[in-house]
Amino acid sequence: MAAYGYTLTVSAGKIPSSQAGFNWLLTEANFPTAAKDGGATSILTGGGNLRCYTDDTKATQLPIDVVVFVTGAAPIIQVWGLSPLLDVGSTVYAEADTVATSQPVFSGSYGRNATWADFELVIHGATSMSSTGNHSPTIVGSPSVSSVAFGSGYDLSNNTKYVQIPHATSLNIDKNYSIDFWINPLSSPASGQTYVDKVNSSNTTGFRALTGGTNTIRSRHPTLTASNLTNADISTATKRLSFDMDGTVRQNIINGVSLGSDSPTGTVTNNNEDLFIGHCLSTLSDSFEGVLGGFWLSKSSRSVAKKLGEFNNQSDPSAFFSASAWVEQGSGGISLTATLGTI
């Protein structure tokens, strides 16, 4: 039997401009029924035979990270991929391979690690490993699992529940970085709730991302001038927070929209503290309360346009891509295309 596949195409308005090295998300909403029902032509449970390419010629294979792929009457799917270039009208071709029954090894050219080559740390919601292969996060306090955005996340609504990543110099957050994560706050965040913490216990070195006051967000480097960039938080609901600096300009971003920027001077003084997510090292009561979804840390700045495209994709994967039918290869397979203005 020939391979079955389909094409995803980026929809108009979903990506604001052409983006190099774009990480996209597919969920159960993106796959035709026959591709996920466990039937004769379906992708296997576990996603072992799923392969993705830039188009149905299959000239260029894409690396993918299959987080979960459950087939049947109630499918649960979370698959991430990396396209070298993505714009409105760009395609991704996905198929059920007729030979392979397992994903490439994590360190392979098309495996999990390659999907996140531009990132230092990636933690998917309700998992306890870094998909980059670089670090070993620990989930502290046995938090329960709750829904957030496109999947599940950890409920950190208690000051003793958080994520901890052992110190490495590669986790130091200097003046060129990008941090993104999904959260669902327990309520309108009060002053001082800490999202990301790599400061020392006296709050005088390192980096912290937090609420600067009721309905505000703040990025903080204690040794820069100015230390803090604080902006109004435009949303108290589930949202994608981003903190970014390109070596000169520092920005706070929500849902792909920049809230403000500055250009602090000076040198970042780092430390040997662990990296905490949802926990405040210096003041326990200032820890974040709410649900934490996915988390991404890159050691280089990433554009607001790319973050907007990512928000559009992750907040509504089915609208970001249009999908063709699930058909036998060679009989008019389907591709995924990005929608104009969503990136």
Side-chain angles (χ1 to χ4, degrees), residues 1-11 23-58 61-83 91-106 108-116 122 124-129 131 145-153 293-294 313-338:
M1 183 176 67
Y4 275 72
Y6 77 119
T7 299
L8 297 158
T9 301
V10 180
S11 302
N23 291 94
W24 40 261
L25 166 68
L26 302 179
T27 69
E28 58 274 8
N30 294 107
F31 287 83
T33 298
K36 60 186 178 183
D37 63 3
T41 68
S42 173
I43 297 166
L44 299 174
T45 284
N49 63 338
L50 174 64
R51 296 294 184 271
C52 292
Y53 306 84
T54 55
D55 56 44
D56 60 11
T57 68
K58 300 196 290 186
Q61 187 172 345
L62 303 176
I64 59 174
D65 178 10
V66 180
V67 179
V68 60
F69 205 106
V70 177
T71 63
I76 303 172
I77 299 171
Q78 186 180 150
V79 175
W80 299 86
L82 174 64
S83 288
T91 61
V92 174
Y93 175 72
E95 75 169 23
D97 193 270
T98 58
V99 177
T101 58
S102 60
Q103 283 294 306
V105 296
F106 288 160
S109 299
Y110 307 109
R112 182 199 70 186
N113 297 1
T115 308
W116 303 108
V122 173
H124 298 301
T127 65
S128 59
M129 66 180 182
S131 279
V145 174
S146 298
S147 62
V148 58
F150 50 82
S152 298
N313 174 216
Q314 295 167 23
S315 61
D316 193 349
S318 63
F320 187 83
F321 287 113
S322 62
S324 67
W326 184 248
V327 296
E328 192 172 7
Q329 172 70 11
S331 63
I334 61 169
S335 297
L336 294 173
T337 302

Measure from the side-chain N and O atoms of [X] to the backbone N and O of [Y], and report whether any donor-acceptor pair falls under 3.5 Å.
X	Y	result
Asn30	Pro317	yes
Thr115	Gly111	yes
Asn313	Phe320	no
Asp56	Gln329	no

Would you call [X] and [Y] a side-chain contact if the rule is heavy atoms closer than 4.5 Å?
X	Y	answer
Tyr4	Pro32	no
Val92	Ser83	yes
Thr54	Leu62	yes

For [X], check side chain to side chain donor-acceptor pair (under 3.5 Å) against everything at least two apart and list the hits.
X	result
Ser147	none
Asp316	Ser318
Glu95	Lys58, Tyr93

### Query
Tell me, which pairs form a ring-ring contact (aromatic ring centres under 6.0 Å, His included) where one or both residues lie in residues 38-57, sequence neighbours left out?
none
### Message
Could you walk me through whether Thr91 and Phe321 satisfy the side-chain contact (heavy atoms from CB on, under 4.5 Å) test, starting with their C-alpha distance in whole Å, then the side-chain angles of each, then the deciding distance to 0.1 Å, before giving a yes or no?
### Response
CA-CA 9 Å; Thr91 61; Phe321 287 113; over 6 Å; no
Restricting to non-hydrogen atoms, name the atom on [X] and the atom on [Y] that form the minimum distance, rounded to 0.1 Å.
X	Y	result
Gln61	Tyr110	O-CE2, 3.5 Å
Ser131	Asp65	OG-OD2, 2.9 Å
Ala94	Trp326	O-CZ3, 3.9 Å
Val148	Gly293	CG1-CA, 3.6 Å
Ser109	Pro63	O-CB, 4.0 Å
Ala96	Ala3	O-CB, 3.6 Å

### Query
CG/Leu82 to SG/Cys52 distance, rounded to the nearest 0.5 angstrom?
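Going from the CG atom of Leu82 to the SG atom of Cys52 covers 11.5 Å.
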List the atom pairs, donor and acceptor, that lie under 3.5 Å between side-chain atoms in residues 99-106 and the rest of the protein, sequence neighbours left out.
residue: Gln103; atom: NE2; partner: Gly47; partner atom: O; Å: 2.8
residue: Gln103; atom: NE2; partner: Leu50; partner atom: O; Å: 2.9

Anything under 3.5 Å between a donor and an acceptor, one on a side chain of residues 67-77, the other on a protein residue two or more places apart or in another chain? List them.
residue: Thr71; atom: OG1; partner: Thr45; partner atom: OG1; Å: 2.5

### Task
Have a look at Trp80 and tell me which of Leu26, Val122, Leu25 forms a side chain to side chain contact (heavy atoms under 4.5 Å, CB included) with it.
Leu25
